[in-house]
Amino acid sequence: MDNGALSYRRFLDGDESAFDFIIKEYFDNLIFFINRYVHDLHISEDIAIDVFADLAAHKSRYNFRVTLKTYLFVLAKSRAINYAKRQNKRRAVEQYYTENENSEYESLESLVLRDELKLTVNKAVDNLPEDMKVAIHLIYFEDLTYEEAAAVMGKNKKQIDNLLYRAKNTLRTMLGKEDLLK
Amino acid sequence: MRSFEERKTEIFRRSEKIISQNRKKRKFIAACLSLFAAVSIFSLTLIPEMNSKEEADNLPETSTSSVRFVTVQVKAYDGSFYKQFDDPNTVRELAELILQAVNANEEQATSEAAETDNIANKPDDSEPADNKSNYIIVLTDNSGNQTTYFLNGKTLIRKASGEIFILSENQIRALKYICDLP
């Protein structure tokens with residue numbers, strides 16, 4: 001059982017401080033992921049709060065068959081897509097952020113993507129088609145396995161593999177570098 | 001963006017709201033189910049009673065008797081006349097006529113019977129002293145049971161009990177008309 005699932009088990013047994021660990025461990029990453037769909041940090045934070053509220057309220061829904069991280073990302077993706085559909089937002093990142101929001105995004109970005117390479121790639125990733133963008137994000141930024149990424153995206157392992165292959169080719173073209181993502 | 005404490009507070013505030021809403025939904029559903037069960041039980045017990053009452057009301061039967069007559073035989077003592085009625089409407093008319101006379105005159109007939117000689121002697125199948133306008137009326141019900149009356153002028157005598165009932169002029173006239181008595 002992963003650390004997140006263990007903490008959640010402790011929370012279910014009555015240890016409310018265990019939920020603090022879960023929030024600290026996954027909250028920022030979740031906002032970053034949701035932002036791939038929503039392109040609004042404050043909305044992304046709001047959706048992330050809803051996801052965690054759902055986790056705290058519906059105690060029997062998580063069945064421990066997947067990692068807690070995977071479960072949270074599945075919930076987040078579903079809510080983010082629903083929000084994006086309702087709002088029908090299709091803004092380019094560079095058109096949206098104000099100066100203040102830009103700095104907030106950058107601090108979140110550096111918090112989540114502690115790797116220089118990932119920071120370099122991140123800006124290019126946002127220009128990829130949605131499925132490719134999400135696949136790259138889950139595998140390379142969130143370190144999920146192919147199976148876990150497939151569970152989040154509602155696809156099979158083969159489809160994830162294909163998406164990653166195409167995404168890497170596109171990124172190589174965009175960034176002009178070889179072996180950018182191994 | 002919110003601080004850790006702000007996020008945590010908001011998460012638990014929203015989770016409490018979800019739990020409260022779910023509790024209200026469950027109570028509402030429970031109330032609806034109870035109401036549905038009560039209505040179903042009420043309908044199941046009441047409707048059959050209403051139906052049986054309706055059936056009882058719709059039975060082509062006299063007001064006092066729960067037995068349904070199917071044939072009426074009228075025959076003269078001397079064998080000069082015989083008629084059997086099977087038509088449901090005619091049978092009902094005759095039965096009602098006779099039973100009306102019986103019910104209306106029951107008290108009076110018993111007191112009059114006490115003053116006459118007939119009360120001590122139960123009539124049998126033998127012919128009465130006066131053969132004129134003497135008839136035997138046999139009512140047969142749907143169980144095959146028979147009730148026999150002797151009609152002597154205006155007097156109707158129940159064979160089984162010997163009770164005497166006096167028919168009114170109208171009743172005699174109606175009886176003769178329906179039975180086509182000479």
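Letters A, B, ... are given to chains in the order of the sequence lines, protein chains preceding strands, and every chain is numbered from 1. Heavy atoms only: backbone and side chains are in, while hydrogens, waters and symmetry mates are out. Bear in mind that the values here come from a model prediction, so they are computed numbers and not experimental data.
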Can you hop from [X] to [Y] via hydrophobic side chains spaced under 4.5 Å?
| X | Y | value |
| --- | --- | --- |
| Tyr165(A) | Ile139(A) | no |
| Leu12(A) | Ile19(B) | no |
| Val70(B) | Ile178(B) | no |

Taking non-hydrogen atoms and a cut-off under 4.5 angstrom, which of residues 80-88 of chain B neighbour chain A?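 When heavy atoms of chain A are the reference, residues 80-88 of chain B contributes no residue within the under-4.5 Å range.
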Expected contact set for residues 3-18 of chain B against chain A at heavy-atom separation under 4.5 Å reads Phe4(B), Arg7(B), Lys8(B), Glu10(B), Ile11(B), Phe12(B), Arg14(B), Ser15(B), Ile18(B)
Minimum heavy-atom distance between Arg2(B) and Ile49(A), given as atom pair plus value: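 Shortest heavy-atom contact: NH1-CD1, 3.2 Å.
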Residue part contacting chain B, namely of Ile31(A), when any heavy atom lies under 4.5 Å: side chain
